[in-house]
J.: 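Before we start, here is the structure in question, set down as structure tokens.
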2 protein chains.
Amino acid sequence: MTRPLTSAERALDTLRDVILRGELPAGARLGEVELAERLGVSRTPVREALSRLAAEGLVQLVPNRGARVATWSVDELEGVFELRALLEPQVAALAAAAAGPGDLDELADLAVRMETIGRPGPGQDLDALVPLNRAFHDRLAALAGHPALAAALAGVIHPPIVVRNFHAYDDASLCRSLAHHVEIVAAMRAGDAEWARAVMTAHIRNARVVMVRAAAASAMEAGPD
Amino acid sequence: MTRPLTSAERALDTLRDVILRGELPAGARLGEVELAERLGVSRTPVREALSRLAAEGLVQLVPNRGARVATWSVDELEGVFELRALLEPQVAALAAAAAGPGDLDELADLAVRMETIGRPGPGQDLDALVPLNRAFHDRLAALAGHPALAAALAGVIHPPIVVRNFHAYDDASLCRSLAHHVEIVAAMRAGDAEWARAVMTAHIRNARVVMVRAAAASAMEAGPD
DNA sequence: CCGCCCTACCTTGCATGCAATCGCCGAGGA
DNA sequence: TCCTCGGCGATTGCATGCAAGGTAGGGCGG
């Protein structure tokens, strides 16, 4: 059975979700009392949650000045993608070696659904892609059977999610990205770890270009100095 | 000027240092009141410190059952070294491209001092190697100019430090390891990033074999099942 | 008119108190 | 003898109170 979560854990999950969903603008002030009454708890668990979110890098915590939603510079964002480009191909290769038929079916389902939902046209729903994409990459990380690798990834993956959703993609890059998912599953089904690694490398580098371009553009319109 | 640290930060640094120095056995209970009076503060900052240490993976925090010093299985330890084998060569390559003459002199000094102190014989002081080694790798990570990469490394590097110091090395492996440091500096001085990357790869894989062997041996003597 | 300082409010940081939960130990029954 | 159940001590989790530090706004001096 699932043990009852503590208030601090609920606060942590709620806050993380709120930030990851982008409901609060980057740099927004996070007052302890405001969050406390909003979550229906006292300031103590909120403080604990903020502290842990700071450790995760999702909020910036300045002594005596409170917490703000973290912001990332273009350079930091690029660094994150370089790191992903280093780690995720390894994840894909390991997952390719470890995946069973059931896992492959699940991944294939996710990949196909993403391609359906994301295809440019009337039925497109870019926001619905976010959780599916997250599920796909998380599933892969779990399959890799490498907790340290998964932890390192999880600790760094947040920024791109916050900064931009899939709205940043142009049609060509988006189609490439969605096709990559399908191709990764195909490579895994073929048991070809190197194929999977290569496609994942392309996948991340494609995303890097899109995201960095988008971040640079938004930084430009925010303060063109 | 350096701003006065809060009590929670002092508690965090102190506890982390105590754990990293191995002054508490793995799995040791960490009572809030005990730590509080030992640090001369109340339980609140201690709780905050423990929470953040749990996020760093240095302590395991079970709801309603308190905190214990984290333990790592042989598999987890091996995973950490695989991750380091993925990340640190990249760090070395980046650092090789970015290092200036002053940086190289500092690194060379560290490497040479480590070789002097660590050389088998009467003057050997294995415990003194730990902070020097840490300084060397930290300096490299800083030189790489890649905050995300450094953060990912820092978040994962702890276990090997806690599990074993340099006492686990046999003479041959230790000499190799110390020679690697010197060779990395030489490669950087030559501006050869790929050389640095290769030596660092060897360095980590050498360490991996030593540490995993030591961990397996201690696990064997602890509970040979 | 502009800049500086002082004051008052607000926020954070820490201490402490109280309730709930967990683990342990002993007694009772099968 | 072993298992189970109930009470007790200890510990965590959370709420609240108080003091220190910071920020903003207004008044005063240049």
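Below, chains carry the letters A, B, ... as their sequence lines are ordered, and counting in each starts from 1.
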J.: Between A:Glu48 and A:Asn64, which is nearer to the 5' end of DNA chain D once each is assigned its nearest nucleotide?
T.: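 Residue closer to the 5' terminus by nearest nucleotide: A:Glu48.
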J.: So does B:Arg47 get a side-chain nitrogen or oxygen closer than 4.0 Å to the phosphate oxygens (OP1/OP2) of D:dG13?
T.: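 True: B:Arg47 side-chain N/O within range (under 4.0 Å) of D:dG13 OP1/OP2.
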J.: Whole-Å distance between D:dT12 P and B:Arg68 CZ?
T.: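 Roughly 11 Å, once rounded to whole Å.
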J.: In this structure, how many angstroms lie between the C1' atom of D:dG13 and the CZ atom of A:Arg52, rounded?
T.: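 Going from A:Arg52 (CZ) to D:dG13 (C1'), I get 14 Å.
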J.: Can you identify which nucleotide, out of C:dT12, D:dG13, D:dT23, has its nearest atom closest to the A:Arg65 side chain?
T.: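 Closest nucleotide among those given: D:dT23.
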J.: Run the side-chain contact (heavy atoms from CB on, under 4.5 Å) test against A:Leu126 and tell me which residues pass, sequence neighbours left out.
T.: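 For A:Leu126, the residues satisfying side-chain contact (heavy atoms from CB on, under 4.5 Å) (neighbours in sequence not counted) are A:Gln124, A:Leu129, A:Phe166, A:His167, A:Leu174.
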J.: Between atom CD in B:Glu32 and atom P in C:dC14, what is the gap in whole Å?
T.: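 Roughly 15 Å, once rounded to whole Å.
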J.: So does A:Asp109 pair up with A:Arg139, basic N to acidic O under 4.0 Å?
T.: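 Not counted as a salt bridge, because no side-chain N and carboxylate O are separated by less than 4.0 Å.
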J.: Tabulate atom names and distances for all N/O pairs under 3.5 angstrom spanning the protein and nucleotides 15-18 of chain C.
T.:
{"residue": "C:dA15", "atom": "OP1", "partner": "B:Ser42", "partner atom": "N", "Å": "3.4"}
{"residue": "C:dA15", "atom": "OP2", "partner": "B:Ser42", "partner atom": "N", "Å": "2.7"}
{"residue": "C:dA15", "atom": "OP2", "partner": "B:Ser42", "partner atom": "OG", "Å": "2.8"}
{"residue": "C:dA15", "atom": "N7", "partner": "B:Thr44", "partner atom": "OG1", "Å": "2.9"}
{"residue": "C:dT16", "atom": "O4", "partner": "B:Thr44", "partner atom": "OG1", "Å": "3.3"}

J.: Provide, to the nearest angstrom, the distance between the CZ atom belonging to A:Arg29 and the P atom belonging to D:dA24.
T.: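 Spelled out: CZ on A:Arg29 to P on D:dA24 is 10 Å.
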J.: When rounded to the nearest 0.5 angstrom, what is the spacing between NE2 in B:His158 and CD1 in B:Ile19?
T.: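 Answer for the NE2-CD1 pair, B:His158 versus B:Ile19, is 9.5 Å.
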J.: For the pair made of CD in A:Glu37 and C1' in D:dC14, what is the distance, rounded to whole Å?
T.: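 Distance check: A:Glu37 CD to D:dC14 C1' gives 17 Å.
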J.: Please give, in whole Å, the distance from C:dC22 C1' to B:Leu61 CG?
T.: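 That distance rounds to 15 Å.
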J.: Any carboxylate oxygen within less than 4.0 angstrom of a Lys/Arg side-chain nitrogen, looking at A:Arg16 and A:Glu56?
T.: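 A salt bridge links A:Arg16 with A:Glu56.
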J.: side-chain contact (heavy atoms from CB on, under 4.5 Å) with B:Arg208: which residues, sequence neighbours excluded?
T.: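 For B:Arg208 the side-chain contact (heavy atoms from CB on, under 4.5 Å) partners, ignoring immediate neighbours, are B:Glu78, B:Phe81, B:Val212.
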J.: Would you call the rings of B:His180 and B:His203 parallel, tilted or perpendicular if under 30° counts as parallel and over 60° as perpendicular?
T.: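 It falls in the perpendicular class, over 60°.
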